[in-house]
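Shown next, in structure tokens, is the structure this report addresses.
These numbers come from the heavy atoms of this one structure, side chains and all, not from hydrogens, waters or symmetry mates. Remember, it's 1-based here, ligands and their atoms both numbered in the order they're listed. All residue numbers in this chain count up from 1 along the given sequence.
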Amino acid sequence: MAVERTLSIIKPDATRRNLTGQINARFEESGLRIVAQKRIQLTKDQAEGFYAVHRERAFFGELCDMMCSGPVIVQVLEGDNAITRNREIMGATNPANADEGTIRRDFAESIEANSVHGSDAPETAAEEISYYFSQLELVG
Ligand code: GDP
């Protein structure tokens with residue numbers, strides 16, 4: 001198995017409800033290691049840049065507003081197959097379709113306010129990590 005790194009975000013709906021510790025316990029208990037982490041408030045420009053791939057979608061404006069509505073935790077998770085593993089722990093985008101025991105099933109408020117983000121492929125993981133972290137912050 002390959003050791004990978006992936007970008008994880010704890011979204012504003014979760015930081016607002018004080019769920020940071022419970023969510024990160026799930027990653028750690030699953031064998032993923034948090035090797036970089038910061039709590040930040042995104043600007044609209046920063047949220048739009050991060051979600052640029054979705055700019056044609058009907059929900060783009062609402063999604064970016066939601067991501068700026070409170071602090072987020074941006075973090076890098078490392079471990080065997082970390083990209084896929086993180087997405088398994090997160091569960092499906094829509095919490096109504098998420099498996100039992102996943103973060104989104106247990107904590108998400110809606111398909112939009114779904115508590116966590118996780119990169120979906122090695123290329124996007126590398127791009128997303130570099131969007132938030134400099135090389136110096138990634139010695140880990
Ligand atoms: P993810 O990889 O599971 O996060 O899902 P996507 O990349 O498809 O979508 C990115 C984010 O946009 C999701 O995590 C949701 O916060 C939001 N989103 C996705 N689909 C919808 C939708 O149909 N409506 C709304 N309002 N938000 C959505």
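- Residues satisfying the salt bridge (charged side-chain N to carboxylate O under 4.0 Å, His left out) criterion with Asp65, sequence neighbours excluded, are Lys44.
- Listed by first and then second residue, the side chain to side chain donor-acceptor pair (under 3.5 Å) pairs that reach into residues 83-102 are Arg85-Glu88, sequence neighbours excluded.
- Remark: ligand 1 atoms within the under-4.0 Å shell around heavy atoms of Arg104 are 1 (P), 3 (O), 4 (O), 14 (O).
- Among protein heavy atoms, atom 1 (P) of ligand 1 sits closest to Thr93 OG1, 3.6 Å.
- Comment: Arg5 engages Glu78 in a salt bridge, judged by a side-chain N to carboxylate O separation of less than 4.0 angstrom.
- No side-chain donor-acceptor contact under 3.5 Å links Gln37 to the backbone of Gln75.
- The shortest heavy-atom distance from Asp120 to ligand 1 is not under 4.0 Å.
- Under a 4.0 angstrom heavy-atom cut-off, Met67 registers as lying outside contact with ligand 1.
- In the vicinity of Asn114, heavy-atom distances shorter than 4.0 Å reach the ligand 1 atoms 13 (C), 14 (O), 15 (C), 16 (O).
- The shortest contact between atom 26 (N) of ligand 1 and any protein heavy atom is with Glu112 OE1, 3.2 Å.
- Atom 18 (N) of ligand 1 has its closest protein heavy atom at Phe59 CE1, 3.5 Å.
- Aromatic ring orientation, Phe50 versus Tyr131: tilted (interplanar angle from 30° to 60°).
- Ranking protein heavy atoms by distance to atom 15 (C) of ligand 1, first place goes to Ile111 O, 3.2 Å.
- Arg87 counts as a contact of ligand 1, since one of its heavy atoms falls under 4.0 Å from the ligand.
- For ligand 1, the polar-atom distance check against His54 finds a nitrogen or oxygen pair separated by under 3.5 Å.
- At a 4.0 Å heavy-atom cut-off, ligand 1 does not touch Met90 at all.
- Between Arg57 and ligand 1, a contact under 3.5 Å exists for no N or O pair.
- With Glu109 contributing its side chain and Asp13 its backbone, the two residues share no donor-acceptor pair below 3.5 Å.
- Met67 contributes atom CE, which lies 5.5 Å from atom CG of Leu42 (distance to the nearest 0.5 angstrom).
- For the pair Lys11 and Phe107, the cation does not sit on the ring face, since its NZ or CZ is not both under 6.0 Å from the ring centre and inside 45° of the axis.
- Remark: the Arg16 side chain and the Ser69 side chain contain an N/O donor-acceptor pair separated by less than 3.5 Å.
- Taking a 4.0 Å cut-off on heavy atoms, Lys11 registers as neighbouring ligand 1.
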